[in-house]
Student: 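Would you mind keeping the following structure in view while I ask a few things?
Quick note on labels: first sequence line is chain A, next is B, and so on, each numbered from 1.
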2 protein chains.
Amino acid sequence: MAGTRQTFENLPEEKQDRVLTEATREFADHGYQDASINRIVDRLGIAKGSVFKYFGNKAGLFEHIFSRAVADFKGPLKAIRDTDGDFFSRIEQSFLASGAFIDAHPLIYRIYLKMLFNENFPLRERFLGEIRRAHAKYLGALVDDAVASGELRPGLDREMTVFLLHTMLDRFLQNHAVPSQDAGIDPAPRTLAERARAMTEFLRHGLGA
Amino acid sequence: MAGTRQTFENLPEEKQDRVLTEATREFADHGYQDASINRIVDRLGIAKGSVFKYFGNKAGLFEHIFSRAVADFKGPLKAIRDTDGDFFSRIEQSFLASGAFIDAHPLIYRIYLKMLFNENFPLRERFLGEIRRAHAKYLGALVDDAVASGELRPGLDREMTVFLLHTMLDRFLQNHAVPSQDAGIDPAPRTLAERARAMTEFLRHGLGA
DNA sequence: AGTAAGGGTGACCAGGTGGTCACCATGTCT
DNA sequence: AGACATGGTGACCACCTGGTCACCCTTACT
């Protein structure tokens, strides 16, 4: 029998990588529905049947790619959670670590962004839920620490604080990955580090006089 | 001759509305590429040829819908710019006004969100640019006023401040339109007004002790 | 009554899609 | 040499897409 996921994993690693890279690029460029298996196999120079042997169908291919990515997503955060240091410097670390992750996996992040507001990705709810929960748990732990040590303003609502942190992190990453070309709505600071610093300062003090 | 945009505008208003509503819903549900003209005309109970008589092609239909929407988008902001009151209450007003706009045009906002990270919408750059510029101009004016009256922390970078305001407004609206179901990452306050208030307080004071 | 114009129609077209499957090539056992 | 398993192939299928166009129907004007 030749039609299992095993078939793909038996392949030489080099070939596995080529297939996954090209498929990931296709999903990043076109989302799920508009991604074309014909284009993928044309670029790879293999037969269409092979892809269906490896992954069963289009959804199987996507799930294979993205479930691995979700697992990787959670990595960089854990490293920081176990770090010492005050609340705001840990936040700044998070900005930087997440930015580095996105620099390392730009295609995956583009898929994630497309999935955010586009309903018809396979397993969308599961994937987004996993990512959100990981983030919420991570940020929630940071906030709890900071509340305990008195680093946060008293009277802050925990949920709201987590939401705000998540917002800033999200937007920092979006802006890092997809700078909005022309309009004067992008922040001036050039480097990742400068922007992370500016965001952190804002989180600390707000805008008021 | 029967093939101009005029043809559509000659139609009874009631029919124009039905067509635009159904087409808008299709784009909101499926984005641009996956939107199906066949489905639209099936739901409307009219012939496919009619749509092409009215708008020339699929892109023409989309442009007709979204260019009207962009014009409407700019409305609610202007009203506030001419308002008196301190900086932060004007910001809070902006949250509320934008939220109201989205409640009134939920389908349009869903299209906007899809367009944000999906490249293949016709005239995407132009539309997004217009919206961004309108926002940047509006927020920039608010910031300039606040700097002049000393309501903002000294030393704030203007661009960065506009960016941060835009971020918060954007995210406030996203959360209002598409609350992220399960995970504990949504803010606790229930009503639009409560959330606007909480966001504003955060903008004023930040999170630091 | 004749005619021109405009809205409306739906069978039809070329092209692309995900998916199938009978078949082929190669290597490894007995 | 034969049998079996495994990976690989691409013509083929049903289906859907945006778009076309020759034709119809109704109204209005002469």
Student: Without decimals, in angstroms, what is the distance between B/Leu61 CG and D/dG19 P?
Tutor: 10 Å
Student: Salt bridge or not between B/Arg124 and B/Glu119? Use side-chain N to carboxylate O under 4.0 Å.
Tutor: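 Looking at B/Glu119 together with B/Arg124, the answer is no, because their closest N to O distance does not fall below 4.0 Å.
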Student: Starting at atom CZ of B/Phe52, determine the distance to atom C1' of D/dT20, rounded to an integer number of angstrom.
Tutor: 9 Å
Student: Scan residues 16-36 of chain B against DNA chain D and write down, sorted by residue number, each residue with any heavy atom closer than 4.0 Å; if none is found, say none.
Tutor: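 Contacts with DNA chain D under 4.0 Å: B/Ala35, B/Ser36.
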Student: Under a 4.0 Å threshold between the charged nitrogen and the carboxylate oxygen, would A/Arg133 count as salt-bridged to A/Glu130?
Tutor: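 Result for this pair is no, no salt bridge flagged.
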Student: Could you check whether A/Arg204 pairs with A/Glu201 (Lys NZ or Arg NE/NH1/NH2 to Asp/Glu carboxylate O, under 4.0 Å)?
Tutor: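 A salt bridge links A/Arg204 with A/Glu201.
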Student: With a 3.5 Å cut-off and no angle check, do the side chains of A/Arg171 and B/His166 form a donor-acceptor pair?
Tutor: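 The answer is yes; a qualifying pair exists.
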Student: Verify the contact: side-chain N or O of A/Asn10 to OP1 or OP2 of D/dG7, cut-off strictly under 4.0 Å; return yes or no.
Tutor: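 True: A/Asn10 side-chain N/O within range (under 4.0 Å) of D/dG7 OP1/OP2.
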Student: Check the phosphate of C/dG7 against B/Thr7, side-chain N and O only, distance under 4.0 Å to OP1 or OP2. Yes or no?
Tutor: yes
Student: Could you tell me the separation between the CD1 atom of B/Ile46 and the P atom of C/dG6, rounded to a whole number of Å?
Tutor: 19 Å
Student: Counting only distance, no hydrogens or angles, is the base of D/dG8 paired donor-acceptor with the side chain of A/Lys53 under 3.5 Å?
Tutor: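 By the distance-only test, yes, there is a pair.
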Student: Atom CZ of A/Phe55 and atom P of C/dT20: how far apart are they, to the nearest Å?
Tutor: 16 Å
Student: Near B/Arg39 CZ, under 6.0 Å, is it more than 12 heavy atoms from other residues, nucleotides or ligands?
Tutor: yes
Student: Name the closest nucleotide to the A/Arg39 side chain, picking from C/dG8, C/dT17, D/dG8.
Tutor: C/dT17
Student: Between A/Tyr54 and D/dG7, is there a side-chain N or O to OP1/OP2 distance below 4.0 Å?
Tutor: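 For D/dG7, OP1/OP2 do not have a side-chain N/O of A/Tyr54 under 4.0 Å.
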Student: Provide, to the nearest angstrom, the distance between the CD atom belonging to A/Gln6 and the C1' atom belonging to D/dG7.
Tutor: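 Atom-to-atom, A/Gln6 to D/dG7, this comes out as 13 Å.
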Student: Could you give the CG-to-C1' distance, from A/Asn38 to D/dC12, as a whole number of Å?
Tutor: 13 Å
Student: In whole Å, what is the span from the CG atom of A/Leu44 to the P atom of D/dG8?
Tutor: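 Taking CG of A/Leu44 and P of D/dG8, I get 12 Å after rounding.
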Student: Taking salt bridge (charged side-chain N to carboxylate O under 4.0 Å, His left out) as the test, write out the residues that go with B/Asp145, two or more places apart.
Tutor: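 Residues passing salt bridge (charged side-chain N to carboxylate O under 4.0 Å, His left out) with B/Asp145: B/Arg90.
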Student: Going by modelled atom types, is there a donor-acceptor pair between the base of C/dG18 and the side chain of A/Lys48 at under 3.5 Å?
Tutor: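 For A/Lys48, whose side chain was compared with the base of C/dG18, there is a donor-acceptor pair (under 3.5 Å).
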Student: At less than 4.0 Å, is any side-chain N or O atom of B/Ser50 found next to OP1 or OP2 of C/dT9? Yes or no.
Tutor: yes
Student: Does A/Gln6 have more than 12 heavy atoms from other residues, nucleotides or ligands lying within 6.0 Å of its CD?
Tutor: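 More than 12 within 6.0 Å, yes.
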Student: Could you state the atom-to-atom distance from CD1 of A/Ile37 to P of C/dT20 in whole Å?
Tutor: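 From A/Ile37 CD1 to C/dT20 P: 11 Å.
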Student: Kindly say if B/Asn57 contacts the phosphate of D/dG18, meaning a side-chain N or O under 4.0 Å from OP1 or OP2.
Tutor: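 No, because none of the side-chain N or O atoms of B/Asn57 sits under 4.0 Å from OP1 or OP2 of D/dG18.
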